[in-house]
Structures are given as C-alpha cells and as structure tokens.
Amino acid sequence: MGIGEQGQQMHPLGEPSMGCKYTGPDPSESPMSRYDRKQPTRNHRSNPCCLCWCCCCSCSWNEDRNRRRRLSRDTKLETVPHCEVCSKPSSEEIYSWSHSFEKLMKNPAGRNVFREFLRTEYSEENMLFWLACEELKKDNSKNSTEEKARMIYEDYISILSPKEVSLDSRVREVINRKMQEPSTHTFDDAQLQIYTLMHRDSYPRFLNSGIYKSLLQNISRSSSEL
C-alpha cells in the first residue's frame, strides 16, 4: 500500500513514518508470502549427528520430528543453522554450564542444548535472533550487511512476524533509526536485551529442566561405570 493511498504509512511501533525512516515490510503483505517470493527453492540437509544424546540433531530415528520442526521455524537467513555442528561436550563443560550462562552461550554444544530447551518453551526465536546477530557481525560486505539486516528485521523485529522477539519501545526506536543505514551493529542493543532476557528468565528454568538434568545423570552414570 503506498503512502499516497492511505496517508501516512505506519512503522512497526504504530507511529507515523516521517521522511525516509525505515518502516519495515509492507503491512499488506504477509510474512509467508514474502518468504515464498524471496527464498530460493532448496533441499534441507541434516547436519552431522553431533548431539544424539540430547535429541538436538537429525538422527535417522528422529528425522520426521526434526523435519516438522524445520518447516515450522524456517527463517530467511541461511546463516542460522538448524543445529550448530559441534563435538560432544566434556563432563567439565556440561557442569560449567550450571555456573555460568556466558560459558553456556560460548559453547556450540551448550547453545544447542539450551536451544532445545527454549523450543519446549516456545521461545526458540530468542536464540535464533541472537545467532543471527552474531552472524551479522561477521559480515564485511556493505550490500550483504544491508540485506541481512533487513532480513533480521523482518524475521524478528517486525510485528508482522510470527517469530517477533520481545523488545521495549526504546530499543525498537533505536533499531528503526539505524535501519536507515544498516551496519553490523544495527541490532546490538536488541541483542543485549534478548541475551539478558534469556539469562534472567530462561536460564534458571533450563538448569532445573529435564533436558539438563538428564545430561548430568548421564555424566554420573558414565563416571560410575569407569
């Protein structure tokens, strides 16, 4: 819908757009229709089986469930893997996750396990957004950066997206201003806010979850058998 047809166009916060301020995707177009139009046809390939012990990856016995999950959470960003390739963590690493959220988030295996937990709470988009921001920071091409920033906006910031993350109005305003000239640090404030949310809200529940406790039990069982 053009600006001339209905007066002022609205940006994601519901306020009038002024000048060249970024307003996000066209409200008349659904996120899925944009995805179908822009996303090239591709075949999903399973990652190497790295976390069979926590059901994070695509083992043959688990392929149907994982296929349904992939279809339900596809994003526009190829750089966000469905399961990060990693080696099996040591017992010391698994224990360290209960002492430090930072260590959990710095470890690929830890992120996979935590992401599996977030999926059970229907908040996996928080981890997906955080990973997308990390990938954006690695980009060194202006054109690529702008495209990735726009995709991150449509996937996780736009109120039209089913994967919208929870951000306060101040951070959203900052993003809208920065989207006029996207950079690798456009979403820094938002990434920090989501990181803090996962740390304060999801992390304590993760430590008491069956997913993490089962890992600790497996470690204890393995140690007793030595």
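Numbering of residues begins at 1 and proceeds along the displayed sequence.
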Q: Quick one: sort the F206 and Y203 rings into parallel, tilted or perpendicular, breaks at 30° and 60°.
A: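 F206 and Y203: parallel rings.
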Atom pair [atom1] ([X]) and [atom2] ([Y]), whose distance is rounded to the nearest 0.5 Å:
| X | Y | atom1 | atom2 | answer |
| --- | --- | --- | --- | --- |
| E147 | S141 | CD | OG | 10.5 Å |
| N107 | S87 | CG | OG | 7.5 Å |
| Q191 | T186 | CD | OG1 | 11.5 Å |

Q: Please lay out, stage by stage, how I157 and R172 fare under the test side chain to side chain contact (heavy atoms under 4.5 Å, CB included).
A: CA-CA 8 Å; I157 309 302; R172 286 183 175 275; 3.7 Å; yes
Nearest non-hydrogen partners of [X] and [Y], listed with the distance:
| X | Y | value |
| --- | --- | --- |
| S161 | E154 | CB-O, 3.2 Å |
| V165 | N126 | CG1-OD1, 3.7 Å |
| K148 | L136 | CB-CD1, 3.8 Å |
| R170 | D189 | NH1-OD2, 4.2 Å |
| R119 | E124 | NH2-OE2, 3.0 Å |

Please tell me if the side chains of [X] and [Y] come closer than 4.5 Å, counting only heavy atoms from C-beta onward.
| X | Y | value |
| --- | --- | --- |
| L131 | R115 | yes |
| L197 | S202 | no |
| L167 | I194 | yes |
| F129 | F187 | yes |
| K137 | D188 | yes |

Please tabulate, one pair per line, all N/O donor-acceptor pairs under 3.5 Å involving side-chain atoms of residues 99-106, not counting sequence neighbours.
{"from": "S100", "atom 1": "OG", "to": "E102", "atom 2": "N", "distance (Å)": "3.3"}
{"from": "S100", "atom 1": "OG", "to": "K103", "atom 2": "N", "distance (Å)": "3.1"}
{"from": "E102", "atom 1": "OE2", "to": "K106", "atom 2": "NZ", "distance (Å)": "2.9"}

Q.
One pair to check against side chain to side chain contact (heavy atoms under 4.5 Å, CB included): S98 and Y212. What are the steps and the verdict?
A. CA-CA 9 Å; S98 66; Y212 185 61; 3.3 Å; yes
Q: Go through the steps for K142 and E146 under the test salt bridge (Lys or Arg N to Asp or Glu O under 4.0 Å), then give the verdict.
A: CA-CA 6 Å; K142 185 176 185 299; E146 291 179 351; 2.5 Å; yes
Hey, is the main chain of [Y] close enough, under 3.5 Å, to the side chain of [X] for a donor-acceptor pair?
| X | Y | answer |
| --- | --- | --- |
| S214 | I211 | yes |
| E121 | L118 | no |
| T196 | L192 | yes |
| Y156 | S166 | no |
| S220 | L216 | yes |
| Q193 | D168 | yes |

Q) Is there a donor-acceptor contact under 3.5 Å linking the side chains of D139 and T184? A)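 Side chains of D139 and T184: no pair found under 3.5 Å.
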**Q.** Pair N218, R221: side-chain N/O donor-acceptor within cut-off below 3.5 Å
**A.**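 R221 and N218 do have a side-chain donor-acceptor pair below 3.5 Å.
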(Q) As a quick check of understanding, evaluate salt bridge (Lys or Arg N to Asp or Glu O under 4.0 Å) for E93 and K88, giving each step before the final call. (A) CA-CA 10 Å; E93 287 176 316; K88 185 175 181 179; over 6 Å; no
Q.
Within a 6.0 Å radius of atom CD on E181, are there more than 12 heavy atoms belonging to other residues, nucleotides or ligands?
A.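 Check fails, neighbour count at 12 or below.
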Q) Is V174 reachable from I152 through a run of I, L, V, M, F, W or Y residues, each pair having side-chain heavy atoms under 4.5 Å apart? A)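 Each belongs to a different hydrophobic cluster.
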Q | Shared hydrophobic cluster for W97 and Y95 (ILVMFWY, side-chain gaps under 4.5 Å) | A |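 Looking at the clustering, Y95 is in the same group as W97.
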